A.B. asks: 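Can you keep this structure in mind? I'll have questions shortly.
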There are 2 protein chains.
Amino acid sequence: MPAQRPRGVSIQDVARAAGVSRQTVSNAINAPHKLRADTLERVTALIEEMGYRPDQSARSLRSGTRRVIAYTTPETDPDNPNALMSGFLEAMVAAAGEAGYRILLVRPRPGQSKARALEDVIAARTADAILLSDVLEDDPCVDYLHETGFPFAVFGRTRPGMPQAWVDVDSAQAMIDMVGLLTSHGHRRVAYLGTSAALPWLRHREAGFRIGMRRFGLVGHEAFVDGLDEVMAVTRDLLNRSPRPTALVLDDDWLAPGAYAAAQAEGLTVGVDLAVTGFNDMPYTRLLQPALTTVRLPLRRIADALVSRLLQSVEEGTPPEAGLLLAGDPVLRASMTTVA
Amino acid sequence: MPAQRPRGVSIQDVARAAGVSRQTVSNAINAPHKLRADTLERVTALIEEMGYRPDQSARSLRSGTRRVIAYTTPETDPDNPNALMSGFLEAMVAAAGEAGYRILLVRPRPGQSKARALEDVIAARTADAILLSDVLEDDPCVDYLHETGFPFAVFGRTRPGMPQAWVDVDSAQAMIDMVGLLTSHGHRRVAYLGTSAALPWLRHREAGFRIGMRRFGLVGHEAFVDGLDEVMAVTRDLLNRSPRPTALVLDDDWLAPGAYAAAQAEGLTVGVDLAVTGFNDMPYTRLLQPALTTVRLPLRRIADALVSRLLQSVEEGTPPEAGLLLAGDPVLRASMTTVA
DNA sequence: CTGAAAGCGCTAACAT
DNA sequence: ATGTTAGCGCTTTCAG
């Protein structure tokens, strides 16, 4: 039996102390312009002095708004932990916080589907809006949220026919830009090392690479790995194809340490004989020797856009009409080389 | 003016449909044993069918319990992002979820102190308990929470005189074990590369290293870096002291890429001529070539212990009497070497 | 085992 | 500009 925590100071207490009605105290907080300056000052001082804060539950019950965004954290694959999550969450907490919202982490109970967990959140009125990330093309959560009409937004993309309440990185364009960057450093023979998982963002990167190669008239091969164990062998093979590449484009920073080792095994020095580029700008890319040239995701701008879309849905009831594609920034570091 | 979201099905609706009182529906959810089997079944089926979930705000208002743990996310230093956070949070979300609680991320507003943010959480009754991490010796938040008597727990340690509501890794013992592991692999000359920041957990690791060295009768030097730029130079210097070390112990995985490069610059091959060990088992340590031997933190056990302490405080009103030190697990990987 | 009554703390709507 | 009234949806208390 949970011991009932002693309740603190209520709006009634403040009202009595100030000699006004409860409503006036409420107004001092929610609609200060409705009070005379002197009353406002007196009440505000008392609120501060007594440490009064409106009870969140009572307020939510009455007003129907919770000031909470639920985020269904993707299950972390222990073999490829989404280190990105910490940066994205960080940005979301900051962006939501500035708008007066907090992030509630929601995880489906064991055996429960993600959609079912969302149903709980909606039915129990736990949050005002829902944030999704790492969604696949046909994610049932998106369909479900679409049906209910509950405010939501997605970091990623949703397919046509679904609400376009999404924000994503223009991965293809970022890859094109990366190929352009290599071109401007004199590279002509560029290899691509990708991950074979069928994730949409990986396919966007691959498509961007191909477009870039064609546009800039470069030549090269592509190879894909299924697990990190394969990285060494596949990379070495790739480096030995002809024409021998002067640059190696990775579809994810995770491949970098293995690629570096493979280059070394081939007698190449990254940053001197071979350029290597990554994607994501994971924290550790700056630590690698040489530091990795990669694509930084504009996490804070993504978070701001997501929050603004979420709040638009909540406050105006109308979901955004189109998705938003934000540019990734190539970050030039020592793993880049210049070819004469 | 936030559009008021249409309210869903209430307990009243279910009660009417089932031909029972609201109380009976409430009992079906909160105290099923109080109902006759057939009534329970009928009501439960209706609850499921109508998609009824108790309104969280109403329930919280009435019962005084929120089923939420507030976690004040430490500000992430962009120069040394706490990649650990994602793993810890992951564990906390899972552990809390199994106990029926969710994690609410609370960040102080700009210009607001952390203690003040906690005051808001407590006064507004936003959460049942508060979780802190990355606390320093004299963190004012701990003093504040101590004063208020609000249930809280700390990942880290609090000083004597404060409630011992903490769980931490026994960093010193883990370092002793690591030195033991090196000893059992034949190492006698071991160097230590640490970070000079005055963080308690770093000092515990350092102390453990010294104890281990003395206990196992090893010899070696220590050196400290202030920023990641210094890693290369300081490590090279350390590797050149006499007696020349056969193993290098790092106080954090972050130092590993730089240390590897320094070793290579000295003509040493990690995993062959030189053993290197880290601390934390960050995700990328498995990717390094060779994979890093390091100390894995028992994040899930830490999270379980924190949740159980938190809930004890909430439900029984009595904070834990002593802190809990959990062993870290040395993880043997290819960066270890055997000395004849 | 089930039902009726009361009220948690707050704010919207209306009255003054 | 301030006060009054009513009720959000639920669970606790007490009666049957």
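Proteins come first, then strands; the chains are lettered A, B, ... in the order of their sequence lines, and each starts at number 1. Values in this document were obtained by computation on a predicted structure and should not be read as measured data.
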A.B. asks: From the options dC8(D), dC8(C), dG3(D), select the nucleotide whose nearest atom is closest to the side chain of R62(B).
C.D. replies: dC8(C)
A.B. asks: Where the side chain of R59(B) is defined as all heavy atoms beyond and including C-beta, which of dG9(D), dC10(D), dA12(C) is the nearest nucleotide?
C.D. replies: dC10(D)
A.B. asks: I'd like to know if D139(A) pairs up with R159(A) as an ion pair, taking the criterion as any Lys NZ or Arg NE/NH1/NH2 lying under 4.0 Å from an Asp or Glu carboxylate oxygen.
C.D. replies: no
A.B. asks: Applying side chain to side chain donor-acceptor pair (under 3.5 Å), name anything that partners S26(A), two or more places apart in sequence or on another chain.
C.D. replies: N30(A)
A.B. asks: For L61(B) and dT12(D), give me the distance from atom CG to atom P, rounded to whole Å.
C.D. replies: 12 Å
A.B. asks: Considering all heavy atoms of both residues, which atom of M50(A) and which atom of A17(A) are nearest to each other, and what is their separation?
C.D. replies: SD-CB, 4.0 Å
A.B. asks: R16(B) CZ to dG9(D) C1': how many Å, rounded?
C.D. replies: 13 Å
A.B. asks: Kindly give the heavy-atom pair with the smallest separation between D128(B) and R67(B), and that separation in Å.
C.D. replies: OD2-N, 2.5 Å
A.B. asks: Looking only at side chains, do R66(A) and S57(B) share a donor and an acceptor under 3.5 Å apart?
C.D. replies: yes
A.B. asks: With distance as the sole test, does E321(A) use its side chain to make a donor-acceptor pair with the main-chain N or O of Q164(A) at under 3.5 Å?
C.D. replies: no
A.B. asks: Donor-acceptor pair, distance only, cut-off 3.5 Å: does the side chain of R42(B) make one with the backbone of A18(B)?
C.D. replies: yes
A.B. asks: Figure out the CD1/P separation between I11(B) and dA4(C), and round it to whole Å.
C.D. replies: 14 Å
A.B. asks: Find the distance M50(A):CE to dG9(C):C1' and express it as a whole number of Å.
C.D. replies: 15 Å
A.B. asks: Evaluate whether atom CD of E98(A) has more than 12 neighbouring non-hydrogen atoms of other residues, nucleotides or ligands under 6.0 angstrom away.
C.D. replies: yes
A.B. asks: For S10(A) and dC8(C), is the shortest distance between a side-chain N/O and OP1 or OP2 below 4.0 Å?
C.D. replies: no
A.B. asks: Does dC1(C) have OP1 or OP2 sitting under 4.0 Å from an N or O in the side chain of T39(B)?
C.D. replies: no
A.B. asks: How large an angle, rounded to 10°, do the end axes of the helix from dC1(C)-dG16(D) to dT16(C)-dA1(D) enclose when each is built from five base pairs?
C.D. replies: 30°
A.B. asks: Which whole-number value in Å describes the distance from Q23(A) CD to dA15(C) P?
C.D. replies: 15 Å
A.B. asks: Just N and O in the side chain of S57(A): are any of them under 4.0 Å from OP1 or OP2 of dC10(C)?
C.D. replies: no
A.B. asks: Could you report the tightest heavy-atom contact between L131(B) and Y71(B), atom names first, then the distance?
C.D. replies: O-CD1, 3.3 Å
A.B. asks: What nucleotide among dA6(C), dG3(C), dG9(C) has an atom nearest to a side-chain atom of R22(B)?
C.D. replies: dA6(C)
A.B. asks: So which nucleotide from dG9(D), dG3(C), dG3(D) ends up closest to the side chain of V20(A)?
C.D. replies: dG3(D)
A.B. asks: Does anything in residues 26-37 of chain A reach DNA chain D, meaning a heavy atom under 4.0 Å, and if so which residues?
C.D. replies: K34(A), L35(A), R36(A)
A.B. asks: Please report the distance, rounded to the nearest Å, between CD in Q12(A) and C1' in dT4(D).
C.D. replies: 12 Å
